[in-house]
S.K.: 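Okay, here's the structure, questions in a sec.
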Amino acid sequence: VGFSANGNWIVGGDKASTSLRWSVQDGRIDRESAASIGLPIVTLDESKVVALTSEASPRLRIWNFATRQEEPSIDLDMPAESPAWVPFIANASKDGRTLVRAWVQGVAGNARFRLTSIHLGDAPEVRHRDFGPTRPTALGVDSRGPWAFFGAHDDPTQHAFWRSNRDGWE
């Protein structure tokens with residue numbers, strides 16, 4: 001996933017979706033503070049990791065390595081559907097407080113895509129937009145917030161750029 005904000009730890013996960021951290025100084029793993037909270041996706045502050053659950057109705061979970069406690073999870077307001085929405089690609093701001101995630105539902109010619117922007121603040125904000133069969137090529141977060149680029153692989157003139165703001169995805 002990346003380095004902690006203070007640069008003392010490398011944060012990542014294992015095959016069992018356990019969030020772990022390794023000391024940059026000596027490479028040792030800090031097993032006492034590990035947590036099975038889901039797929040780690042970004043570091044937050046000096047001692048936290050944000051993870052995504054793999055449940056049918058996904059949630060964001062935040063684990064504090066220092067206190068060895070979980071903070072209140074964030075419901076992504078994605079009711080269980082069949083087939084399920086599966087994480088596709090993601091990105092986050094440098095401080096870990098703004099995330100953008102693309103999801104895919106179905107496969108090949110039946111695939112549908114959804115974008116979710118998440119701002120972690122006093123009152124977390126989650127915004128979704130379905131894009132049908134249009135597949136996002138790249139996601140990012142810059143000083144203006146989350147963005148998504150949609151480009152056609154076979155025609156470089158066909159592309160679109162979307163941003164998430166307080167009104168949703170535009």
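As a basis for the values below, the full set of heavy atoms in this structure was taken, side chains included, without hydrogen atoms, waters or symmetry mates. Because the structure is predicted, anything quoted here is derived from the model rather than measured.
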S.K.: Calculate, to the nearest 0.5 Å, the distance between atoms CD1 and NE2 belonging to Ile74 and His119 respectively.
M.R.: 10.5 Å
S.K.: Taking Asn165 for the side chain and Asp167 for the main chain, is one N or O donor matched with an acceptor at less than 3.5 Å?
M.R.: yes
S.K.: Determine, step by step, whether Thr18 and Arg31 satisfy the side-chain contact (heavy atoms from CB on, under 4.5 Å) criterion, reporting the C-alpha distance in whole Å, the side-chain angles of both residues, the deciding distance to 0.1 Å, and the verdict.
M.R.: CA-CA 10 Å; Thr18 299; Arg31 291 213 181 271; over 6 Å; no
S.K.: Could you tell me the separation between the OG atom of Ser47 and the CG atom of Asp45, rounded to the nearest 0.5 Å?
M.R.: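 Between atom OG of Ser47 and atom CG of Asp45 there are 7.0 Å.
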S.K.: Shared ILVMFWY cluster between Leu60 and Trp103, side chains joined below 4.5 angstrom?
M.R.: yes
S.K.: Taking side-chain hydrogen bond (donor to acceptor under 3.5 Å, both in side chains) as the test, write out the residues that go with Arg166, two or more places apart.
M.R.: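 For Arg166 the side-chain hydrogen bond (donor to acceptor under 3.5 Å, both in side chains) partners, ignoring immediate neighbours, are Glu125.
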S.K.: Would the number of heavy atoms belonging to other residues, nucleotides or ligands and lying under 6.0 Å from CG of Asp122 be above 12?
M.R.: no
S.K.: Taking all non-hydrogen atoms of both residues into account, name the closest pair between Val104 and Phe88 and its distance.
M.R.: N-CB, 4.1 Å
S.K.: Under the 3.5 angstrom rule, does the side chain of Asn64 hit a backbone N or O of Thr67 as a donor-acceptor pair?
M.R.: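 Yes: the side chain of Asn64 pairs with the backbone of Thr67.
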S.K.: If the threshold is 4.0 Å, N to carboxylate O, is there a salt bridge linking Arg127 and Asp77?
M.R.: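 No salt bridge links Arg127 with Asp77.
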S.K.: Hey, is CD on Glu170 packed in by over 12 heavy atoms from elsewhere, all under 6.0 Å?
M.R.: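 More than 12 heavy atoms, drawn from other residues, nucleotides or ligands, come within 6.0 Å of this atom.
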S.K.: Under a 3.5 Å distance rule, please check whether Ser93 uses its side chain to pair with a backbone N or O of Thr98 as donor and acceptor.
M.R.: yes
S.K.: Quick one: closest heavy-atom pair of Asp130 and Arg112, and the distance?
M.R.: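 Minimum heavy-atom separation between Asp130 and Arg112: OD2-NH2, 3.5 Å.
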S.K.: Can you see which heavy atom on Gly96 is nearest to which on Leu120, and at what distance?
M.R.: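 So the two residues come closest at O-CD1, 3.7 Å.
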S.K.: Minimum heavy-atom separation for Leu52 to Pro87, with atom names?
M.R.: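 Closest pair (atom of Leu52, atom of Pro87, distance): CD2-CG, 3.6 Å.
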S.K.: List in chain and number order the residues that pass salt bridge (Lys or Arg N to Asp or Glu O under 4.0 Å) with Asp14, two or more places apart in sequence or in another chain; answer none if no residue qualifies.
M.R.: none
S.K.: Has His128 got a side-chain atom pairing as donor or acceptor with Leu76's backbone, closer than 3.5 angstrom?
M.R.: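 Present.
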S.K.: Using atom types as modelled and distance alone, determine if a side-chain donor or acceptor of Asn91 lies under 3.5 Å from a backbone N or O of Leu139.
M.R.: yes
S.K.: May I ask you to decide if Arg59's main-chain N or O and Thr53's side chain share a donor-acceptor pair within less than 3.5 Å?
M.R.: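 Yes.
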S.K.: Just so I know, are the side chains of Leu115 and Ser164 near enough to count as touching, which here means a heavy-atom distance under 4.5 Å?
M.R.: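 Side-chain contact under 4.5 Å: no.
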S.K.: To the closest 0.5 Å, what do you measure between CD1 (Ile118) and CZ (Arg97)?
M.R.: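 The CZ atom of Arg97 is 14.0 Å from CD1 of Ile118, to the nearest 0.5 Å.
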S.K.: What's the separation between atom CD1 in Ile41 and atom CG in Leu99, rounded to the nearest 0.5 Å?
M.R.: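 Going from CD1 on Ile41 over to CG on Leu99, the span is 5.0 Å.
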S.K.: Only one of Val11, Val49, Ile62 passes side-chain contact (heavy atoms from CB on, under 4.5 Å) with Leu44; say which it is.
M.R.: Ile62
S.K.: Which heavy-atom pair separates Ser57 from Ala80 by the least distance, and what is that distance?
M.R.: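 In this case the closest contact between Ser57 and Ala80 is CB-N, 4.3 Å.
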S.K.: Nearest 0.5 Å, what's the CH2-CG distance between Trp22 and Asn8?
M.R.: 15.5 Å
S.K.: Please report the shortest heavy-atom distance between Thr137 and Gly151, naming the atom on each side.
M.R.: OG1-N, 3.0 Å
S.K.: Arg114 pairs by side-chain contact (heavy atoms from CB on, under 4.5 Å) with which of Met78, Gln105, Arg101?
M.R.: Met78
S.K.: Just to verify, what does Gln69 make a side-chain hydrogen bond (donor to acceptor under 3.5 Å, both in side chains) with, not counting sequence neighbours?
M.R.: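 Gln69 satisfies side-chain hydrogen bond (donor to acceptor under 3.5 Å, both in side chains) with no residue once adjacent residues are dropped.
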S.K.: How long is the span from the OG1 atom in Thr116 to the CH2 atom in Trp169, to the nearest 0.5 Å?
M.R.: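 Between atom OG1 of Thr116 and atom CH2 of Trp169 there are 8.5 Å.
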S.K.: Does Arg129 make a cation-pi contact with Phe131, if we ask for NZ or CZ under 6.0 Å from the ring centre and within 45° of the axis?
M.R.: yes
S.K.: Is the backbone N or O of Ser33 less than 3.5 Å from a side-chain atom of Trp63, with the two atoms forming a donor-acceptor pair by type?
M.R.: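 Yes: the side chain of Trp63 pairs with the backbone of Ser33.
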